[in-house]
Number of protein chains: 2
Amino acid sequence: MSKSTPKPRRNPVETRERLVGAAVRLMLRQGYAATSVDDICAEAGVTKGSFFHHFESKETLGRAAVEWWGAFGTALYAEAWKDEGLDPLDQIRRFFGIMIGFTEREDEVCTCMVGMMSQELSQTHPAIREECARQLDLWTSNCANMLAAAKARHAPEADFDPEAVAWYLNSLWQGSMLVGKTENRPDIIRSNLRLALAWVEGLLTQTRNPKSEIRNPKSEPET
Amino acid sequence: MSKSTPKPRRNPVETRERLVGAAVRLMLRQGYAATSVDDICAEAGVTKGSFFHHFESKETLGRAAVEWWGAFGTALYAEAWKDEGLDPLDQIRRFFGIMIGFTEREDEVCTCMVGMMSQELSQTHPAIREECARQLDLWTSNCANMLAAAKARHAPEADFDPEAVAWYLNSLWQGSMLVGKTENRPDIIRSNLRLALAWVEGLLTQTRNPKSEIRNPKSEPET
DNA sequence: AATATGATACCAACCAGTCTGTATGTCAAA
DNA sequence: TTTGACATACAGACTGGTTGGTATCATATT
């Protein structure tokens, strides 16, 4: 126990983490462009030389910040699907519970790094846009898997496409955080999530779609 | 007819419009912070002296740009409710049709000034956040009115709160544009809108909610 | 003449990124 | 175990360019 890392002056791993953490904190509040490299260095307690030793550019750090947020989210959601044997519908319920919990943190605005960075940068910083897209893909495929499993178990006859529903829920979640932040009303987010969960539960108790003039359209991905 | 404004060199109204238009075009692409006053002046073909004659600051112009976008949107949606006698459910269908149309414009990214500005600035520029909130309020109350009218006419017994559903749809719309832009897949937006319309139609053909364990929660606005 | 517009030059602060130098840790040879 | 060469990690002054905003002056419209 004499060798328990006695606070070395140099700690490249920690320095990197501090920079990424500072970037997440500042950019989550101010956005990307309004956050200067100097701001980040000051927040992290690190100098500029160090910054550019670890990251080749501000954009590179931006990407790393989005990645960090993705890992953070994945860890949060993991609670929902950690139990192997759990009924997928209950997993979905937990999934919604986690999101609702995220709106209930004190003194923390309910917002998403991926949504913020993509909204601000998707048309000018392709590398960051791609990283954001990767994170959305991840969320959606996890969600679609739960939906597909729940459908197989509870309503194999139901007429919905798990992936389309997953994109729908992802969009609703992102938009809810945006609206909640704009209106300063996290209760809207919770209300939206409850309506969406009820809808999903409805989809999964449907044995045969009763009368749907409107059909679920085939998706048409372009380029 | 001799006095039909023979192209005066000075035209404060037009100058103002050119500046607002330039700001909308540039900020819609690059965001607020990344768009400089010089950029805007160049795009508008106007000099800086003129800029600061018409707007006291960049932030003031930002607000004006959000207002402009709101008016632009209102004009678009007006198509849905211009016919006095139209069945409110058909108004809603038109409403969705207008949004779908908005995703189908060629060479134009489907995005929203209000969502962009609010996402980037809501925590640092209160005045702009408030203007964005005003625009969302407008959209939502128009939408809620249609829903309430449709409910009164088609399903007075139905168990849903028009305002909550309107916020839900607003969130879905905003989030869909965000996700569609991130993924470069406008088809996701359309798919989401179709699912949402089907859901709304379902709500309105509901005579008595069949079995709803999950109830529509009372909203709890804070501060 | 008075005022509303617009043009131009200019400013101090700030920007991302570079450069040069120094401190620290590592590892192999002695 | 000591030494010393070397790569990594960090410090901070500096640079060329840009930022939002101002001061001043010119001209058009009333």
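To find a chain, count down the sequence lines: A is the first, B the second, and so on, and within it residues start at 1. It should be emphasised that the depicted structure is a prediction, and the values quoted were computed from it without experimental measurement.
Not counting sequence neighbours, the partners of B:Ser118 by the side-chain contact (heavy atoms from CB on, under 4.5 Å) test are A:Leu178, A:Thr182, B:Ser122, B:Cys132.
The pair B:Asp187-B:Arg190 does not meet the salt-bridge criterion, since no charged nitrogen lies less than 4.0 angstrom from a carboxylate oxygen. Under the 4.0 Å criterion applied to side-chain N and carboxylate O atoms, A:Arg25 and A:Glu43 are assigned as salt-bridge partners.
Residue A:Thr15 has a polar side-chain atom (N or O) positioned under 4.0 Å from OP1 or OP2 of D:dC10. Here A:His53 does not reach the OP1 or OP2 of D:dC10: none of its side-chain N or O atoms lies under 4.0 Å away. Phosphate contact (OP1/OP2 of C:dA4, side-chain N/O of B:His54, threshold under 4.0 Å): absent.
Ring geometry for B:Phe55 versus B:Phe51: interplanar angle of 30 to 60°, hence tilted. Between A:Trp173 and A:Phe102, the angle of the ring planes goes over 60°, which puts this pair in the perpendicular group of the 30/60° scheme.
Separating the CZ atom of B:Phe52 from the C1' atom of C:dA4 is a distance of 18 Å, rounded to the nearest angstrom. In this structure, A:Arg16 places its CZ atom 16 Å from P of D:dT8, rounding to the nearest Å.
For the side-chain contact (heavy atoms from CB on, under 4.5 Å) with A:Met116, the qualifying choice from A:Met177, A:Lys181, A:Gln30 is A:Lys181, the only one to do so.
The stretch residues 55-69 of chain B touches DNA chain D through B:Ser57, B:Lys58, each having a heavy atom under 4.0 angstrom from the strand. Remark: A:Thr47, A:Gly49, A:Ser50 in residues 20-51 of chain A come within less than 4.0 Å of DNA chain D through at least one heavy atom.
Panel note: side chain A:Asp83, backbone A:Leu86; no donor-acceptor pair is recorded below 3.5 Å.
Between the side chains of A:Ser57 and A:Thr60, at least one donor N or O lies within less than 3.5 Å of an accepting N or O.
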